[in-house]
Protein chains: 4
Amino acid sequence: MIFTSDNAFGVSPEILDALARVNGGGVSSYGADDTTKGLTQKFSDLFEREVAVFPVATGTAANALALATLTPPYGAILCHDVAHVNVDECGAPEMFTGGAKLIGIGGAGGKIDPDRFFARLQGFRAGDVHSVQPRSLTITQSNEDGGVYSLDELTRLTAIAREFKLAVHMDGARFANALVALGCSPAEMTWKSGVDVLSFGATKNGAMAAEAVVFFDPAMARDFEFRRKRAGHLFSKMRFLSAQLEAYLADDLWLRNARHANAMATRLGDGLSVIDGIVMASAIEANEVFVRLPVAVFKRLLASEAKFHPWPNVADAAEGHKHQTIRLVTSFATTADDVAGFLELVNG
Amino acid sequence: MIFTSDNAFGVSPEILDALARVNGGGVSSYGADDTTKGLTQKFSDLFEREVAVFPVATGTAANALALATLTPPYGAILCHDVAHVNVDECGAPEMFTGGAKLIGIGGAGGKIDPDRFFARLQGFRAGDVHSVQPRSLTITQSNEDGGVYSLDELTRLTAIAREFKLAVHMDGARFANALVALGCSPAEMTWKSGVDVLSFGATKNGAMAAEAVVFFDPAMARDFEFRRKRAGHLFSKMRFLSAQLEAYLADDLWLRNARHANAMATRLGDGLSVIDGIVMASAIEANEVFVRLPVAVFKRLLASEAKFHPWPNVADAAEGHKHQTIRLVTSFATTADDVAGFLELVNG
Amino acid sequence: MIFTSDNAFGVSPEILDALARVNGGGVSSYGADDTTKGLTQKFSDLFEREVAVFPVATGTAANALALATLTPPYGAILCHDVAHVNVDECGAPEMFTGGAKLIGIGGAGGKIDPDRFFARLQGFRAGDVHSVQPRSLTITQSNEDGGVYSLDELTRLTAIAREFKLAVHMDGARFANALVALGCSPAEMTWKSGVDVLSFGATKNGAMAAEAVVFFDPAMARDFEFRRKRAGHLFSKMRFLSAQLEAYLADDLWLRNARHANAMATRLGDGLSVIDGIVMASAIEANEVFVRLPVAVFKRLLASEAKFHPWPNVADAAEGHKHQTIRLVTSFATTADDVAGFLELVNG
Amino acid sequence: MIFTSDNAFGVSPEILDALARVNGGGVSSYGADDTTKGLTQKFSDLFEREVAVFPVATGTAANALALATLTPPYGAILCHDVAHVNVDECGAPEMFTGGAKLIGIGGAGGKIDPDRFFARLQGFRAGDVHSVQPRSLTITQSNEDGGVYSLDELTRLTAIAREFKLAVHMDGARFANALVALGCSPAEMTWKSGVDVLSFGATKNGAMAAEAVVFFDPAMARDFEFRRKRAGHLFSKMRFLSAQLEAYLADDLWLRNARHANAMATRLGDGLSVIDGIVMASAIEANEVFVRLPVAVFKRLLASEAKFHPWPNVADAAEGHKHQTIRLVTSFATTADDVAGFLELVNG
């Protein structure tokens, strides 16, 4: 019963098989192989537009490299207060940009509040040399609090970004989970909603270690390859990254995995919400469940075989710590038995 | 008939199998898994000393992260003129150190000349604020010209480094090939010869994408983990990196692979050296063959199915371009048939 | 009637004279001159302790260089939300540290709230590689909102910093103004209150362009000189920086200048506070006056010959913009006539 | 008898006077003052072209900021082996660019050899992600060995740079000395010879601490001001920098100072070259004299009141150290008596 993170699970069999399939000698290195070259067409088809696509192995690399192509050293990157790039990457965007500044914006449910975003941009002194210059916005979809921006919400934020000449990046570590939640097309959730560059995550949803940085305007990718190489993120045996992405997209594996993960989260949430004393901390929108447990239940679970992370929640403190919030993440590999077992534990 | 690079080959079956073996859910992320934890003991046994070991996916990452822990931004890294870190990593050491300077030293056969190294260090103005301060030496073993430093050669360089208070890094992208060439122990070729930190390469010798940064004094690794994370080189599903390294060491796979690659290079060299008109550019010490072909032969091979890289060689120019040097790299997967086939092609 | 900033004023005659006095040929460059060497004893006497002292020309350089010696690239610098280093230096600390992160803490009157500071530090995950690591605290004295920390307030913050192993920097761009406001000794306001490194400002208080970075533990300054040189902040004709600092300290010029500036601020505040409709935004503690003017008065002043900056104040918005807050800064060169003239303008 | 460096001398009286002249209150800060604004026209007139001009206080800042606007982090800066930016700025260009690489090119007399420059550029693998990408050339005029490039020599280098799409920077720390040596116009020695950006030095030639970064295409200066601010090189009391430059240009002070310095060097050289046993190490082209003294004479001078620097010279070693080369630098303030006195000492 593992609910700590979707990265605590392994690899989809189809993806492991793909690694074996591309094995063998005599293949060009550093991305000059056919598997890698083929990704451009596959991602262009997927996004209904000619894109430039670059495989990397980690989400932090994808985000930091993408943001570094969009933001000069004297620039500012606007993001949610709790964005992964802001609090969980040990300063990777700062390193890759050469010292740009991340500016956190608040907002409920892990979503950047558009009014606060607008106000913050207005507060900047455009062209004033004393201040870093806002140059990019990064939006996490689905986000760190389990929320999914609607297309309208995305468009509202990106329209403001456009007004202030900011480029827009989407951190899609859980892109598939958000996409199936919204039921829209990849194009709709990205460039049609104003996104310029996407970190297209696969690792959390069944790949071994594979993400794709997707530029919807290939011209913006101009110096990306130099930045990737100099960051040590160009793989010599690149086909093993690319094969993961290829298998991930094939036969809608990525969508099937994400649908399953989301369904397990919903099932978990449904089960929890009817248990006496349990308070749902937020609506379940993708594959994460945030739930406030009575402290006695929390302690019991901690001592059980179930694995999960406690989560900070000001509501718990405000109420005098009668409840403790926890985060439960489901994955492509979470089973209905895992869910049932966990519910049993909670029920005592 | 692929001789372009050892990274043009695939993955040893034992290593692919290991990926499948560690697959499955419920494993701690980011290196807290048992496979990763077990590496410390395995590498400590291997090197006959308590070490700190950190898996990363690329050689550039291993080198740049290691050098960044040894060298402040105002420091200088001494290396061979043609060192991979100096000419083939697009400035990765400069990025990771925050702008340290690489100082190339010449020397025949890809080996740093100890006298020139000593003279260069004497030329530095220690403590003079106008000059970067030499802080580290990096030695490639086996090196970019196919040469292997003897233990005496290593010790001579590291003794000089010690005298000037430089830390010593070894770029061991082809560590196994050098080790079996010398027939010494891993300890002898590293810390017993004065090496502080090693980039232990596995990718070129049968892994998919796995290197280990090994600190022979764990105290020197103090901030390594923060640097790795912020460079996007901490894998969430770390066990898939670690499993490659585990399988690489198990049952001496790494040594068997390297012995095979070296033997194929020797066989290739032996065959070439007796062909009329062919000039060996250097002795064959590990798994690389540098050979000067009459230009007609070179052109014929270029048009053949054989794959290899032409290589710059001042001797060719000096002689009026009657010969063209090429580099041939053998790997764990190079076959005797590949060698025989290539020799046939050369023979016409 | 200039109240925009203390840096809008010129240079004390004693300091201009000093420049002429050290002119002449044959003086060692880059700080090997006698004037510069003499500063160590002068600052050691001033601070009642052996210090290391380094002249630089700007406050931004002093702050960014000091913070870079205290904070690794993966570190965090804690500061007030509105600290100059955080909002007015275009990312200088980020540049000089190689991408460390500034973490703003709130607090009334420009003072870091100790409880929020403590809570923020507790919130950090010490040793967790996903998070930047808090390594330094910077305190502005007197601060950006015109406030002056009492010795008790300083000690409370630095004690918390010590508990979490943070080094402490003081941005003393207006050090003299704070010192004469508190009436304590330089030692008391710095190392006796837990400060490790000081940006000792002179430029705003009568120098041309001169600040001193003062390390109370000279061992902490180990690599400062390399950082200063490589940032272009080592002057070849250093004596002209040092002579400014020497003259600034001689005959208590610095204290006299600061006392005058503070007295003018008090006089201005006293005059304003008795005018009908005027609301003082904060108590006057050093040489800055923050005052909320009825909008009609504000507009009248804008059109006058008086120069000053409007200042953001949430209270104005909360109240429906009936008042507009402005900042008035007095200097060593502000005259009683300037003050009287301004009061007349306000009175209409 | 000071011949160590032109920066060992003080400030021209006209420049000290200018500081006093611009003193006084109520002047806009950070370059919004009239003196600073007036520089644009003055430098545009001087260079017969509309330029963008930015004062900074040190040559290292001027060079590193200029190069950082021309060179991305993955770029290479080509320069002479012994260029000040390469060996005497403790890695400033590396810091300001975010880790670009300096590539030294040899050449006699401190001048980049055009054939080697061309060959080096041809050797780069344009667009190959494994290699840093050459983006800028920096030429020192007059150079570190006392040489002055002719206009033809400049044009030859910049034409090659143009062919490979490199931007061209001139390090003009001794710009005036070179200009009067050539007897050409400032336009001819810069943009008419293919220079894009100039570090226009004044400090060595009579200013206190003032250099101007001059962009001959103002569009290239786009982000310069942000870089200057974030490096701590924007002065609040900017007029005191600008006034130095204004006075430096007024009434041809800069040219008079440089002519005097060069004349003193010539006089010194003329005197030395006729002394028995003395060997001139190079022709005297501007204000530096490199001379090989018999070791006995060198030792006698070392013990005298004359101040100068010994200088490395392979010729001395080749000959078995019978001579020791020294560098003698003359300045605007060097007197005929200084020269005569030195010649007397040499004559014994």
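This is a predicted model, so every value here is computed, not measured. Throughout, a chain's letter reflects where its sequence line sits, starting with A, and its residues are numbered from 1.
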Quiz prompt | Contacts of type ring-ring contact (aromatic ring centres under 6.0 Å, His included), residue Phe117(C), not counting sequence neighbours | solution = none
Quiz item: How close do Val132(C) and Gly91(A) get, heavy atom to heavy atom, and via which atoms?
Solution: CG1-N, 3.7 Å
Inter-chain polar pairs, chain C versus chain A: which donor-acceptor atoms lie under 3.5 Å apart?
{"residue": "Asn86(C)", "atom": "O", "partner": "Lys101(A)", "partner atom": "NZ", "Å": "3.3"}
{"residue": "Asn86(C)", "atom": "OD1", "partner": "Lys101(A)", "partner atom": "NZ", "Å": "2.9"}
{"residue": "Val87(C)", "atom": "O", "partner": "Arg125(A)", "partner atom": "NH2", "Å": "3.2"}
{"residue": "Asp88(C)", "atom": "OD1", "partner": "Arg125(A)", "partner atom": "NH1", "Å": "3.2"}
{"residue": "Asp88(C)", "atom": "OD1", "partner": "Arg125(A)", "partner atom": "NH2", "Å": "3.1"}
{"residue": "Glu89(C)", "atom": "N", "partner": "His130(A)", "partner atom": "O", "Å": "3.2"}
{"residue": "Cys90(C)", "atom": "N", "partner": "His130(A)", "partner atom": "O", "Å": "2.9"}
{"residue": "Glu94(C)", "atom": "OE2", "partner": "Lys101(A)", "partner atom": "NZ", "Å": "2.7"}
{"residue": "Lys101(C)", "atom": "NZ", "partner": "Asn86(A)", "partner atom": "O", "Å": "3.3"}
{"residue": "Lys101(C)", "atom": "NZ", "partner": "Asn86(A)", "partner atom": "OD1", "Å": "2.9"}
{"residue": "Lys101(C)", "atom": "NZ", "partner": "Glu94(A)", "partner atom": "OE2", "Å": "2.7"}
{"residue": "Arg125(C)", "atom": "NH1", "partner": "Asp88(A)", "partner atom": "OD1", "Å": "3.2"}
{"residue": "Arg125(C)", "atom": "NH2", "partner": "Val87(A)", "partner atom": "O", "Å": "3.2"}
{"residue": "Arg125(C)", "atom": "NH2", "partner": "Asp88(A)", "partner atom": "OD1", "Å": "3.1"}
{"residue": "His130(C)", "atom": "O", "partner": "Glu89(A)", "partner atom": "N", "Å": "3.2"}
{"residue": "His130(C)", "atom": "O", "partner": "Cys90(A)", "partner atom": "N", "Å": "2.8"}

Quiz prompt | Partners meeting ring-ring contact (aromatic ring centres under 6.0 Å, His included) with Phe235(A) (sequence neighbours left out) | solution = none
Self-check item: Residues forming a ring-ring contact (aromatic ring centres under 6.0 Å, His included) with Phe298(A), sequence neighbours excluded
Solution: none
